[in-house]
Asks: 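Here it is, the structure, as structure tokens.
Hydrogens, waters and symmetry mates play no part in the numbers below; they use all other heavy atoms, side chains included.
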Amino acid sequence: MEKNHRSRLMSIQQANFNELYKADSIIQLTIHSCQEREFAGQYYGATKEMKKKISEERNNYINMLTLLSERVSNMMDINLSMEREILLEQHSDNCS
């Protein structure tokens, strides 16, 4: 693989990783916000039945966001593996 092509791939990979990192940060902030409201019992004067529904809804969101965060983390790991492979190829080209 030529050096310019490898550099472009690394640049794209880094940009992709940065976007995934930002997305995961937003997901984590949202999870923590939901958890804080749930733990603090913030139900905005709702009835007992509504409090139960709000709590269930928050917990569903927390669970879905946690699953999403795991997927994003997996994508970040794949991205890092790709970076290592590009760097290994670059190193093997430099050694030849």
Side-chain angles (χ1 to χ4, degrees):
M1 183 182 319
E2 72 177 57
K3 190 174 183 177
N4 287 337
H5 182 67
R6 207 171 19 249
S7 291
R8 286 191 306 271
L9 283 175
M10 287 296 290
S11 178
I12 292 167
Q13 182 279 332
Q14 187 62 51
N16 188 49
F17 184 87
N18 289 341
E19 291 303 313
L20 289 169
Y21 183 83
K22 291 173 191 174
D24 196 43
S25 295
I26 293 168
I27 293 166
Q28 291 300 318
L29 287 171
T30 306
I31 288 171
H32 293 302
S33 176
C34 287
Q35 288 173 332
E36 285 177 9
R37 286 191 173 100
E38 185 61 23
F39 296 149
Q42 292 182 359
Y43 298 105
Y44 314 106
T47 65
K48 187 174 182 175
E49 185 59 33
M50 282 303 295
K51 288 179 185 180
K52 182 180 176 188
K53 287 181 181 181
I54 291 169
S55 179
E56 287 173 357
E57 184 176 16
R58 283 181 184 156
N59 285 308
N60 285 334
Y61 288 142
I62 290 167
N63 291 335
M64 288 185 292
L65 288 166
T66 300
L67 291 172
L68 179 59
S69 179
E70 290 173 7
R71 299 287 72 82
V72 171
S73 291
N74 289 343
M75 292 169 63
M76 290 168 67
D77 289 343
I78 292 167
N79 234 312
L80 290 173
S81 294
M82 182 172 53
E83 179 180 344
R84 281 191 295 274
E85 289 299 317
I86 293 168
L87 291 173
L88 280 173
E89 183 171 331
Q90 180 180 5
H91 180 70
S92 68
D93 286 351
N94 289 340
C95 290
S96 347

Asks: Do M82 and L20 belong to the same hydrophobic cluster, where Ile, Leu, Val, Met, Phe, Trp and Tyr are linked whenever their side-chain heavy atoms lie under 4.5 Å apart, directly or via other members?
Replies: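 Different hydrophobic clusters.
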Asks: Looking at L65, is its backbone amide N or carbonyl O close enough to the side chain of S69 to form a donor-acceptor pair, meaning the two atoms are under 3.5 Å apart?
Replies: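 Pair absent, no side-chain N/O of S69 close to backbone of L65.
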Asks: If only atom types and distance count, is the side chain of R58 paired as donor or acceptor with the main-chain N or O of R37 below 3.5 Å?
Replies: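 Yes; at least one donor-acceptor contact below 3.5 Å.
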Asks: Do R8 and S11 have a side chain donor and acceptor closer than 3.5 Å?
Replies: no
Asks: Please determine whether salt bridge (charged side-chain N to carboxylate O under 4.0 Å, His left out) holds for the pair K52 and E49, giving the CA-CA distance in whole Å, both sets of side-chain angles, and the decisive distance to 0.1 Å.
Replies: CA-CA 5 Å; K52 182 180 176 188; E49 185 59 33; 5.3 Å; no
Asks: Which value, rounded to the nearest 0.5 Å, describes the distance between C34 atom SG and F39 atom CZ?
Replies: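 Reported value, rounded in 0.5 Å steps: 10.5 Å.
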Asks: Spell out, as yes or no, whether a donor-acceptor pair under 3.5 Å connects the side chain of S55 to the backbone of K51.
Replies: no
Asks: Nearest 0.5 angstrom please: E19 CD to M75 CE, how far?
Replies: 11.5 Å
Asks: With heavy-atom distances below 4.5 Å as the criterion, would you say the side chains of I31 and Q35 are in contact?
Replies: yes
Asks: Distance from L9 atom CG to N4 atom CG, nearest 0.5 Å?
Replies: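 It is 11.0 Å, given to the nearest 0.5 Å.
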Asks: Rounded to the nearest 0.5 Å, how far apart are CG of N79 and OG of S73?
Replies: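 So the CG of N79 and the OG of S73 are separated by 12.0 Å.
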Asks: For residues L80 and M76, determine if any side-chain heavy atom of one lies less than 4.5 Å from a side-chain heavy atom of the other.
Replies: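 In short, these two side chains do not touch, never coming nearer than 4.5 Å.
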Asks: Could you measure the distance from the CD atom of Q13 to the CD atom of E85? Nearest 0.5 Å is fine.
Replies: 12.0 Å
Asks: If you group Ile, Leu, Val, Met, Phe, Trp and Tyr by side-chain heavy-atom gaps below 4.5 Å, do L68 and Y21 land in one group?
Replies: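 The answer is yes; both residues are in one hydrophobic cluster.
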Asks: Using the side-chain contact (heavy atoms from CB on, under 4.5 Å) rule, take F17 and Q14 through it: C-alpha gap first, then chi angles, then the decisive distance, then the call.
Replies: CA-CA 5 Å; F17 184 87; Q14 187 62 51; 4.3 Å; yes
Asks: Return yes if some donor-acceptor pair links the side-chain N/O of N16 with the main-chain N/O of I12 below 3.5 Å, else return no.
Replies: no
Asks: Just verifying a value: how many Å separate N59 CG and E38 CD, rounded to the nearest 0.5 Å?
Replies: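 Reported to 0.5 Å precision, the distance equals 5.0 Å.
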Asks: Please determine whether side-chain contact (heavy atoms from CB on, under 4.5 Å) holds for the pair R6 and L87, giving the CA-CA distance in whole Å, both sets of side-chain angles, and the decisive distance to 0.1 Å.
Replies: CA-CA 9 Å; R6 207 171 19 249; L87 291 173; over 6 Å; no
